[in-house]
There are 2 protein chains.
Amino acid sequence: MTLDNMKLDNITQLFKALSDPIRLRILNLLITKDSFCVCEIVDILGIGQSTISRHLAYLKNSGLVESWREGVWMHYSLIKENMTIIEMENLKLQLEQCDSIIEDNKRLKKGNLACSNE
Amino acid sequence: MTLDNMKLDNITQLFKALSDPIRLRILNLLITKDSFCVCEIVDILGIGQSTISRHLAYLKNSGLVESWREGVWMHYSLIKENMTIIEMENLKLQLEQCDSIIEDNKRLKKGNLACSNE
DNA sequence: TCAATACATCCGTTTATACGTATTTAATAG
DNA sequence: CTATTAAATACGTATAAACGGATGTATTGA
């Protein structure tokens, strides 16, 4: 990565961050509600904790989300200012048509999560 | 890739297609002018023909561009309807600030290409 | 101080993408 | 038909990302 292309590499990185189905499912959650802790995302997506944690780290390194600690829980939320390249409303609509995301949204509404932070 | 997630995989694939600096430079050209043939892109970007050809095939498989033959030349152009998730105007603005893309646009304006189709 | 919960990270492995060089295929001009 | 130019693809290789399971670190509450 040459210094000249810092900027181009940043844009590239934004798209890389969005080019994974699990990260898109996480994004869908963060579009719907202001913030989530890791264990909530683990429960809703039904995917292993280390996997979710790694994807969240990836999103954070790419500048798409920020996080803060609240007791034992790490909360994650979107940084919308860094996503001006994306038509969020259209993305949301497209995501909502995907089977796995429909399921996620159902589990989100029900809210009977196994983790203590709900 | 399960059938259920066809749609999510398509969205993922769109972003994958955008997550490479060379493909973004190609995209920048196709935003600026209606269509390009392969040899023009090769000349403007100064990158090997096989590399460009492979990236164009990738963009095509991802549904971002279409192509047609005109004599010896293959022309490529954007399929804008498939990019409604992207804020094209903002993407354009961001791309135009990148050093390598500034250079591309200079060579595009000059227009003194080596290939016979200019 | 010790146990429990939440989260991050390491390890080994697998898969996807990238590249350059060389070759193959397609169309045209002579 | 043959040579030439344009473009696609095959091959070998290098790097980046993905995963699950195990381990390490932080915070809280008993």
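In the text below, chain A, chain B and the rest are named by the order of the sequence lines, each starting its count at 1.
Smallest separation of non-hydrogen atoms from Gln49(B) and Val42(B): CA-CG2, 3.7 Å. Of all non-hydrogen atoms in Ile26(B) and His55(B), the two that sit nearest each other are CD1-CB, 4.0 Å. Between Leu64(B) and Ala17(B), the shortest heavy-atom distance links the atoms CD1-CB, 3.5 Å. When all heavy atoms are compared, the tightest approach of Asp34(A) to Ser77(A) is O-CB, 3.2 Å. Between Ser19(B) and Lys16(A), the shortest heavy-atom distance links the atoms CB-N, 3.3 Å. Heavy-atom minimum distance, Ile79(A) versus Gly63(A): CD1-O, 3.8 Å.
Listed in residue order, the members of residues 16-33 of chain A having a heavy atom less than 4.0 Å from DNA chain D are Lys16(A), Asp20(A), Ile22(A), Arg23(A). Residues from residues 51-73 of chain B with heavy atoms under 4.0 angstrom of DNA chain D, sorted by number: Ser53(B), Val72(B), Trp73(B).
Taking Gln97(B) as the reference, Lys7(A) meet the side chain to side chain contact (heavy atoms under 4.5 Å, CB included) condition, with sequence neighbours excluded. In this view, Lys80(B) satisfies the salt bridge (Lys or Arg N to Asp or Glu O under 4.0 Å) rule with no residue, not counting sequence neighbours.
Asp104(A) and Asn28(A) form no side-chain donor-acceptor contact under 3.5 Å, judged by distance and modelled atom types alone. Under the 3.5 Å distance criterion, with hydrogens and angles disregarded, no donor-acceptor pair is assigned to the side chains of Trp68(A) and Glu66(A). No side-chain donor from either of Tyr76(A) and Glu40(A) sits under 3.5 Å from a side-chain acceptor of the other.
If one axis is set at each end of the helix from dT1(C)-dA30(D) to dG30(C)-dC1(D) from five pairs, those axes are 10° apart, to 10°.
We find that Glu89(B) and Lys92(B) are not joined by a salt bridge, their nearest charged nitrogen and carboxylate oxygen being 4.0 Å or further apart.
When the C1' atom of dT24(C) is taken as reference, atom CE of Met74(B) falls 16 Å away, rounded to whole Å. Atoms NE2 (His75(A)) and P (dC7(C)) sit 8 Å apart, rounded to a whole Å.
For the pair Lys33(A) and Phe36(A), the cation-pi test (distance below 6.0 Å, angle within 45°) is passed.
Judged by closest nucleotide on DNA chain D, Gln13(A) is the one of Ser50(A) and Gln13(A) placed further toward the 5' end.
Note that the first and last nucleotides of DNA chain D, 5' to 3', having any atom under 4.0 angstrom from a heavy atom of chain A are dA17(D) to dT28(D).
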